[in-house]
Amino acid sequence: MEKQNRSGTAGKVIRCKGSAVCRNPGEPLVIEEIMVDPPKAWEIRIKILCTSLCHSDVTFWKISIGPFALFPRIFGHEAVGVVESVGEHVEEFQEGDMVVPVFRPNCRECRDCKSQKGNGCSIFGDKLVAEMPRDGTSRFKGMNGETLHHFLSVSSFSEYTVVDVVHVVKISSEFPAEKACLLSCGVSSGIGAAWKVADIEEGSTVAIFGLGAVGLAVAEGARLRGASKIIGVDLNQEKFEIGKKFGVSEFINPATCGEKKVSEVIKEITDGGVDYSFECIGLASLMEEAFNSSRANWGKTVILGVEMHNTPLAINTYFLLRGRTVTGCFFGGLKAKSDIPILAQKYLHKEINLDGFITHEVNFQDINKAFDLLLEGKSLRCIIWMD
């Protein structure tokens, strides 16, 4: 308890001067002063050091109807921060710890968390809750007393946020904050997909549909596993030069394939198809094309993109009978509390290229510039500094 009281704010409501609130879908975020409640049992309150913008933030920011259209809301789920105070029953964290919040829960106690077959959590991982996972209430209020909704159990577009312990990973205070931020979602998802879900082996051939941050992270994971050929597929021609930094050896722009399908081009340059294909956009048509790009007898297709239009995936079952497989992938199959520290160590040992993902940095007051850069296709990851 002594450590919790050093800040002088433990157990008290914090008047947070910097929070980017989204009041209506698709509208610019507004920097507002808000009230942040103290953490309840099994929760911690975090002072955010920096955060970044992920495509998932933009996707939910645009949604205007349905159960996920909750406003006013505080977005953000890629971040790093320092523990300001802890609630009851919290033993894993203490004030001053540097932490990375993650949207994928990892309680380490349930059957799913103890299994090595996946990274789900049967207690907290069944649905994307709008508020805190244990009691369904918010820790944010506007200055007029209105409730502000959470996002993906993180809400990092705020100077202070409250997160359940199942959504937090401790990290060394010596780790560069802006690099730690990247491990919170996108980069970890891509590397994990290559390592844990596909389990790429040396000499493999790989195709990646979509060279955003996640797709490039897949390429980085494939490069580190010794893939012999990494094919990047993207409509943005500039992505090829960027992709080379992460191991992309060949590039296909679908707009320049003429009458041929991308899968046909890939089969030609790989003598029958790739060993592993990854869809990182979120379109059923591309998922099918990724599957068709894989080798007939053992090709494995990994789906990372969330289908944008709820379109079902159509696959000829004959091809499945011959040996191809297709699998989904959430957060790269990683168990946050055990796997993120491993990725952090690999970066410190200069094995993983995290620096190349950071293309822009802005002050928190300019957070809407991060949205503009991502929407214009100019940014991989924009680091948004709180201070």
**Prompt:** Does the pair I352 and L224 meet the rule for a side chain to side chain contact (heavy atoms under 4.5 Å, CB included), with working shown?
**Reply:** CA-CA 8 Å; I352 294 178; L224 291 167; 3.8 Å; yes
Give a yes or no on whether a salt bridge exists between [X] and [Y], defined as a side-chain N under 4.0 angstrom from a carboxylate O.
{"X": "R108", "Y": "E92", "answer": "yes"}
{"X": "K40", "Y": "E43", "answer": "no"}
{"X": "K300", "Y": "D275", "answer": "no"}
{"X": "R381", "Y": "E78", "answer": "yes"}

Backbone N or O of [Y] within a donor-acceptor pair of the [X] side chain at under 3.5 Å?
{"X": "R225", "Y": "I200", "answer": "yes"}
{"X": "N106", "Y": "K337", "answer": "yes"}
{"X": "S115", "Y": "K117", "answer": "yes"}
{"X": "E288", "Y": "S285", "answer": "no"}
{"X": "E220", "Y": "N353", "answer": "yes"}
{"X": "D112", "Y": "G120", "answer": "no"}
{"X": "N368", "Y": "P28", "answer": "no"}
{"X": "D339", "Y": "K335", "answer": "yes"}
{"X": "K12", "Y": "G8", "answer": "yes"}
{"X": "S138", "Y": "T147", "answer": "no"}

Are side-chain heavy atoms of [X] and [Y] found at a separation under 4.5 Å?
{"X": "D37", "Y": "V162", "result": "no"}
{"X": "Y160", "Y": "I48", "result": "no"}
{"X": "H149", "Y": "I74", "result": "no"}
{"X": "R324", "Y": "S294", "result": "yes"}
{"X": "L216", "Y": "I242", "result": "yes"}
{"X": "V169", "Y": "V99", "result": "no"}
{"X": "I315", "Y": "L320", "result": "yes"}
{"X": "I367", "Y": "F157", "result": "yes"}

How long is the span from the [atom1] atom in [X] to the [atom2] atom in [Y], to the nearest 0.5 Å?
{"X": "C16", "Y": "I34", "atom1": "SG", "atom2": "CD1", "answer": "5.0 Å"}
{"X": "H309", "Y": "L283", "atom1": "NE2", "atom2": "CG", "answer": "5.5 Å"}
{"X": "S155", "Y": "E131", "atom1": "OG", "atom2": "CD", "answer": "8.5 Å"}
{"X": "E27", "Y": "S64", "atom1": "CD", "atom2": "OG", "answer": "11.5 Å"}
{"X": "R322", "Y": "R295", "atom1": "CZ", "atom2": "CZ", "answer": "10.0 Å"}
{"X": "L313", "Y": "E279", "atom1": "CG", "atom2": "CD", "answer": "9.5 Å"}

**Prompt:** Has L321 got more than 12 heavy atoms of other residues, nucleotides or ligands less than 6.0 Å from its CG?
**Reply:**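 More than 12 within 6.0 Å, yes.
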**Asked** Are more than 12 heavy atoms from other residues, nucleotides or ligands located less than 6.0 Å from atom NZ of K245?
**Response**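 Check fails, neighbour count at 12 or below.
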**Request:** Assess whether salt bridge (charged side-chain N to carboxylate O under 4.0 Å, His left out) is satisfied between E32 and R23, documenting all intermediate values.
**Result:** CA-CA 11 Å; E32 297 184 13; R23 297 209 154 266; 2.8 Å; yes
Minimal non-hydrogen separation, [X] against [Y], with atom names:
{"X": "A194", "Y": "A198", "answer": "O-CB, 3.8 Å"}
{"X": "I63", "Y": "P25", "answer": "O-CB, 3.4 Å"}
{"X": "F364", "Y": "A20", "answer": "CZ-N, 3.5 Å"}
{"X": "V102", "Y": "S184", "answer": "CG1-O, 3.6 Å"}
{"X": "S52", "Y": "I383", "answer": "CB-CD1, 4.2 Å"}
{"X": "C329", "Y": "G332", "answer": "SG-CA, 3.4 Å"}

**CA sep, side-chain torsions, deciding dist, call: F209, F278, ring-ring contact (aromatic ring centres under 6.0 Å, His included)** = CA-CA 6 Å; F209 288 73; F278 298 82; over 10 Å; no
**Request:** For the pair E264 and K267, evaluate salt bridge (charged side-chain N to carboxylate O under 4.0 Å, His left out) and give the outcome as yes or no after the intermediate values.
**Result:** CA-CA 5 Å; E264 294 172 343; K267 285 181 178 179; over 6 Å; no
**salt bridge (charged side-chain N to carboxylate O under 4.0 Å, His left out) between D135 and R139, worked out** = CA-CA 11 Å; D135 68 2; R139 301 292 171 266; 3.0 Å; yes
**Prompt:** side chain to side chain contact (heavy atoms under 4.5 Å, CB included) between I231 and I252: does it pass, once the steps are laid out?
**Reply:** CA-CA 7 Å; I231 304 165; I252 298 174; 3.7 Å; yes
**No-hydrogen, no-angle side-chain donor-acceptor test under 3.5 Å, D164 and W42** =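 No, because no side-chain N or O of D164 sits under 3.5 Å from a partner of the opposite role on W42.
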**Prompt:** Does the side chain of E84 pick up a donor-acceptor pair with the side chain of T9 at under 3.5 Å?
**Reply:**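 Their side chains do contain a donor-acceptor pair, which is all the 3.5 Å distance test asks for.
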**Asked** Can you tell which of V218, D234, I281, L380 makes a side chain to side chain contact (heavy atoms under 4.5 Å, CB included) with L211?
**Response**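 When V218, D234, I281, L380 are each tested with L211, the side chain to side chain contact (heavy atoms under 4.5 Å, CB included) holds only for D234.
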**Request:** Begin from the C-alpha positions of V80 and L182 and carry the test side chain to side chain contact (heavy atoms under 4.5 Å, CB included) through to its verdict.
**Result:** CA-CA 9 Å; V80 63; L182 299 176; over 6 Å; no
**Request:** May I have the step-by-step check of side chain to side chain contact (heavy atoms under 4.5 Å, CB included) for V165 and I44, ending in yes or no?
**Result:** CA-CA 7 Å; V165 292; I44 65 175; 4.2 Å; yes
Compute the centroid of each ring, for [X] and then for [Y], and state whether the two points are separated by less than 6.0 Å.
{"X": "Y347", "Y": "F175", "value": "yes"}
{"X": "F140", "Y": "H150", "value": "yes"}
{"X": "F75", "Y": "F60", "value": "no"}

**Asked** Parallel under 30°, tilted from 30 to 60°, perpendicular over 60°: which one fits the rings of F357 and F246?
**Response**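 Ring orientation, 0 to 90° scale: tilted.
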**Request:** For the pair F291 and F319, name the ring-plane relationship: parallel under 30°, tilted 30 to 60°, perpendicular over 60°.
**Result:**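 Ring orientation of F291 relative to F319: tilted.
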**Item:** F371 six-ring centre to K369 NZ/CZ under 6.0 Å and within 45° of normal
**Value:**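 Negative - K369 is either too far from the ring of F371 or too far off its axis.
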**Identified salt bridge (Lys or Arg N to Asp or Glu O under 4.0 Å) partner of E159 from the options R15, K47, K17** =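 Of R15, K47, K17, salt bridge (Lys or Arg N to Asp or Glu O under 4.0 Å) with E159 is met by K47 alone.
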**Asked** Should S156 and T51 be marked as a side chain to side chain donor-acceptor pair (under 3.5 Å) after you check the CA-CA gap, both sets of side-chain angles, and the distance that decides it?
**Response** CA-CA 6 Å; S156 58; T51 182; 2.8 Å; yes
